[in-house]
Amino acid sequence: MTAVFYATTPIFYVNAEPHIGHAYTTILVDVAARYHRLAGDDVRFLTGTDEHGEKIAKAAEAHDTTPQAYVDHVSGRFRATWDHLGIDYDGFIRTTEERHKKVVQDVLQKVYDQGDIIYGEYGGLYCVKCERYYTEKELEDGKCPQHDLEPEYRSEANYFFRMEKYRPWLREQLEANPDLIRPDGYRNEVLAMLREPIGDLSISRPKDRVPWGIPLPWDEEHVTYVWFDALLNYWSDLVSHGLDDRYWPHTQHFIAKDILKPHGVFWPTMLKAAGIPLFQHLNVHGYWLVENRKMSKSVGNVIRPLELEGRYGNDTFRYFLLRDMSFGLDASFHELGLAERINADLANDLGNLLNRTLGMLGKYRAGVVPAFGPLREADEALRDAFVNLPSAVLREVEALHFDRAIAMVMEAVASANKYVSDQKPWELAKDAADAERLDTVLRNCLEALRCASILLDPVMPWKMAELRAQLGVDGDVILDDARHWDRLEAGSAARPGEPLFPRVDLEALKDTMDLSVAATAPEPDGPSTEQAPLQHKPEISIDDFAKLELRVGTILAAHDHPKADRLWVLTVRLGPETRTVVSGIKQHYSANDLVGKTVIVVANLAPVKLRGVMSEGMILAAEDADGKLSLAGLDRALVDGSEVR
Ligand code: MSP
């Protein structure tokens, strides 16, 4: 891991209350920062609020208040939400703070003085919600793709930042530095933007139309365009604390794909013009969708983080968000999915390992941690599964594979549960001659729990501290302790408490949801008597059937096939694994229909290249007489990776 880690979230607009999307990025950076702190790195984590601009001024007007009073209120709500969720940020910046305004004005003046800001006239299509101009090409059906709104034509005399001038330089940077923007798909998107002229960036607004902003230092009649103002927060926070030398070279920005262009194009060219070195990484994640749609107030599907936290607890909510999104891809939120994840991973696996271990320790050893006897092969295998994990987990975190990092720890937890079933401590307890063996088995389970609690601490800091307390371990969490199998003290007492992860009652949850389906089956299309007789295949034995490995999967993403119009390249999650499956269902299903869908996958089909793309499985679908397809699914939600027999 790097020794210094400066991580930022976007600064959020204060025209709406925080929702699960804002919470995701903030929790993600909190988790990343905690992993880096655990590794001993020098960490600074910055978040904040974006408070200038036309839409904020409009929101204040709609609330019948002044912009300042309004931004104070909503910024306070963001901060209170993060505090409530235990987000351990080091800096919180507001663009209305004097320290920020000063840095913005200094940078503007420098760029103006060197001739990179010029005065001119510009007309174009402007989306007020994005606060930026769109080219015709960027629009979808003439509408802004982010807000599904028709942009308005605007023409103004403004100051322009000579962004186009820096386009060749930025292309070179991206070519020379392949992981500047991660994952790759987003880097390619930015490279594609840079293949054509990007134009100059209008960086001011006339004060008489948009008074709510930072005045240009050389022309008080204009205020700074919000993006030029907002992006500089990442720099102004450090400069205002004198921390730029220490942290800036290690900057990692975390954003979602919605603001790729400002961060991937505006920001690096601004930095170049201002003489500030480039950030280290721009890390871009996908979108949380709800029932495969974007969250929006008008659709009424906005998910509030505090409501979920209230119902399920902070740690489990964090666990779900990190475990169920593959960085870079979209994910579909469903409360049932959250509840199932809690039950499967936390109640059944980790919680169960803790309960059964402490239960047996209480029953057989009066709750006192035993000493090890000699280790057998199975004990060593369990130990190695854990003590080799820390470096691997940190590597995955560094590569932004948070889901895999967690899955690795949970696989080790599953192996500990299997170890208990194999070693049968309850049998050992029956014979005094097996006392030393029983000690060893119990001690191994306790060490496994202790190591797991360290490795999952960044994701679930409060529950993991509770877990360690139940094991009788106090004090700071130290990563190195997870590399050692002997950190518990023989003779110390465990302090069993309440179950850490109570099961969620899925039936009761379903009752509260609108999962209603028609009580009677619909009439089939046309009477079956008119169907031709079925053409059967040769009979197979049950053993032949058993060769098939069918599993439940969730489609995480659907991408166009580079060479074939009728094929989707699907990313399908099968529990701990993800597969690429090339599927000929494009005429029947749009990407929107597919992402988030549960499907049945033939998981042991030999991989095959389909028009140049390797396919690692097949998705089951039924076909009617007209060749129309319908994907096979389940009648209730199950955890991905479950076997279908
Ligand atoms: N103020 C600008 C950012 C300026 S940064 C210099 C802005 N604010 S925002 O309030 O709209 O926040 C956008 C960010 O919120 C996304 O980039 C992402 O971090 C988060 N998310 C908002 N909706 C989201 C989802 N549905 N899913 C995941 N993250 C999302 O843009």
Side-chain angles (χ1 to χ4, degrees), residues 10 111 115-118 120 122-127 130-147 151 153 158 160-203 225 227-228 231 251-274 276-287 327-330 400 557-565 567-569 571 591 611-613:
V111 179
D116 276 343
I117 291 178
I118 46 176
Y122 182 79
L125 296 167
Y126 192 81
C127 170
C130 294
E131 303 257 24
R132 75 169 176 96
Y133 285 99
Y134 272 88
T135 60
E136 298 271 1
K137 232 175 138 182
E138 284 177 302
L139 300 174
E140 279 172 17
D141 295 332
K143 291 181 178 169
C144 150
Q146 297 300 333
H147 297 101
Y153 182 81
N158 284 325
F160 287 84
F161 163 52
R162 296 177 63 200
M163 189 162 73
E164 174 62 22
K165 171 180 156 187
Y166 292 105
R167 183 163 64 102
W169 167 83
L170 182 54
R171 280 183 74 167
E172 279 164 27
Q173 294 301 310
L174 284 165
E175 300 290 357
N177 196 349
D179 64 0
L180 184 70
I181 300 180
R182 309 187 285 182
D184 246 13
Y186 296 110
R187 167 181 180 258
N188 294 339
E189 260 184 53
V190 173
L191 275 171
M193 292 175 202
L194 297 176
R195 259 177 232 127
E196 288 172 28
I198 49 176
D200 290 340
L201 181 67
S202 153
I203 54 109
Y225 167 51
W227 273 106
F228 203 96
L231 286 160
T251 304
Q252 298 210 27
H253 299 305
F254 290 79
I255 60 165
K257 61 183 185 179
D258 55 336
I259 49 178
L260 178 62
K261 185 168 181 183
H263 282 80
V265 178
F266 304 175
W267 184 222
T269 52
M270 281 168 63
L271 287 171
K272 176 68 179 159
I276 305 169
L278 264 183
F279 44 81
Q280 193 187 358
H281 295 297
L282 173 64
N283 303 316
V284 188
H285 64 74
Y287 246 52
F327 196 93
L329 300 174
D330 290 347
L400 309 173
H559 294 289
D560 292 331
H561 190 292
K563 291 195 191 132
D565 289 347
L567 299 178
W568 278 123
V569 179
T571 308
R611 312 272 322 262
V613 177

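This structure is a prediction, so every number in the text was calculated from the model and none was measured.
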Are Leu180 and Phe279 close enough that some pair of their side-chain heavy atoms sits under 4.5 Å apart? yes

How close do Gly328 and Pro183 get, counting heavy atoms only, and between which atoms? CA-CG, 3.9 Å

Suppose the criterion is salt bridge (charged side-chain N to carboxylate O under 4.0 Å, His left out): which pairs have a residue in residues 259-273, not counting sequence neighbours? Glu138-Lys261

Find out whether Ile203 and Trp227 are in side-chain contact, i.e. whether some heavy atom of one side chain is under 4.5 Å from a heavy atom of the other. no

Would you check if Tyr134 and Pro145 make a side-chain contact, meaning some heavy-atom pair closer than 4.5 Å? yes

Considering all heavy atoms of both residues, which atom of His561 and which atom of Val569 are nearest to each other, and what is their separation? CA-CG2, 3.7 Å

Of all residues at least two apart in sequence or in a different chain, which pass the side-chain hydrogen bond (donor to acceptor under 3.5 Å, both in side chains) check with Trp267? His253

Applying salt bridge (charged side-chain N to carboxylate O under 4.0 Å, His left out), name anything that partners Lys563, two or more places apart in sequence or on another chain. none

What is the minimum heavy-atom distance between Pro268 and His263, and which atoms define it? CD-O, 3.2 Å

Distance (rounded to the nearest 0.5 Å) between Ile259 CD1 and Phe266 CZ: 11.5 Å

Tell me every residue that passes side-chain hydrogen bond (donor to acceptor under 3.5 Å, both in side chains) with Glu196, counting only those two or more places apart in sequence or in another chain. Lys137

Which residues pass the ring pair (Phe, Tyr, Trp, His ring centres under 6.0 Å) test with Tyr126, not counting sequence neighbours? Tyr133

Side chain to side chain contact (heavy atoms under 4.5 Å, CB included) with Asp200: which residues, sequence neighbours excluded? Ile118, Phe160, Arg162, Glu164

Would you say the side-chain atoms of Arg182 and Gln252 include a donor-acceptor pair closer than 3.5 Å? yes

Lys143 meets the salt bridge (charged side-chain N to carboxylate O under 4.0 Å, His left out) criterion, sequence neighbours left out, with none

On a heavy-atom basis, which atom in Leu329 and which in Ala557 lie closest, and how many Å separate them? CD2-CB, 3.7 Å

Does a side-chain heavy-atom distance below 4.5 Å link His147 with Cys127? yes

Under the rule for side chain to side chain contact (heavy atoms under 4.5 Å, CB included), what residues qualify as partners of Asp560, not counting sequence neighbours? Trp568, Lys586

Glu189: partners by salt bridge (charged side-chain N to carboxylate O under 4.0 Å, His left out), with sequence neighbours left out: none

Tell me, please, which residues at least two apart from Ala256 pass side chain to side chain contact (heavy atoms under 4.5 Å, CB included). Asp258, His285, Tyr287

Report yes if the side chains of Val613 and Pro562 come closer than 4.5 Å at any heavy-atom pair, otherwise no. yes

Any residue meeting side-chain hydrogen bond (donor to acceptor under 3.5 Å, both in side chains) with Thr269, in chain and number order, not counting sequence neighbours: none

Nearest-0.5 Å distance that lies between atom CZ in Arg132 and atom SG in Cys144: 8.0 Å

Kindly give the heavy-atom pair with the smallest separation between Gly286 and Tyr186, and that separation in Å. CA-OH, 4.1 Å

Compare all side-chain heavy atoms of Ile255 with those of Asn283 and state whether any distance is below 4.5 angstrom. no

To check you understand the geometry: which heavy-atom pair defines the closest contact between Ala273 and Asp116, and what is its length? CB-OD2, 3.9 Å

Should Thr251 and His281 count as side-chain neighbours, where that means a heavy-atom distance under 4.5 Å? no

Once rounded to the nearest 0.5 Å, what's the spacing between atom OH of Tyr225 and atom CG of Leu231? 8.5 Å

Using atom types as modelled, flag every donor-acceptor pair under 3.5 Å from a side chain in residues 168-179 to any protein atom, sequence neighbours excluded.
none

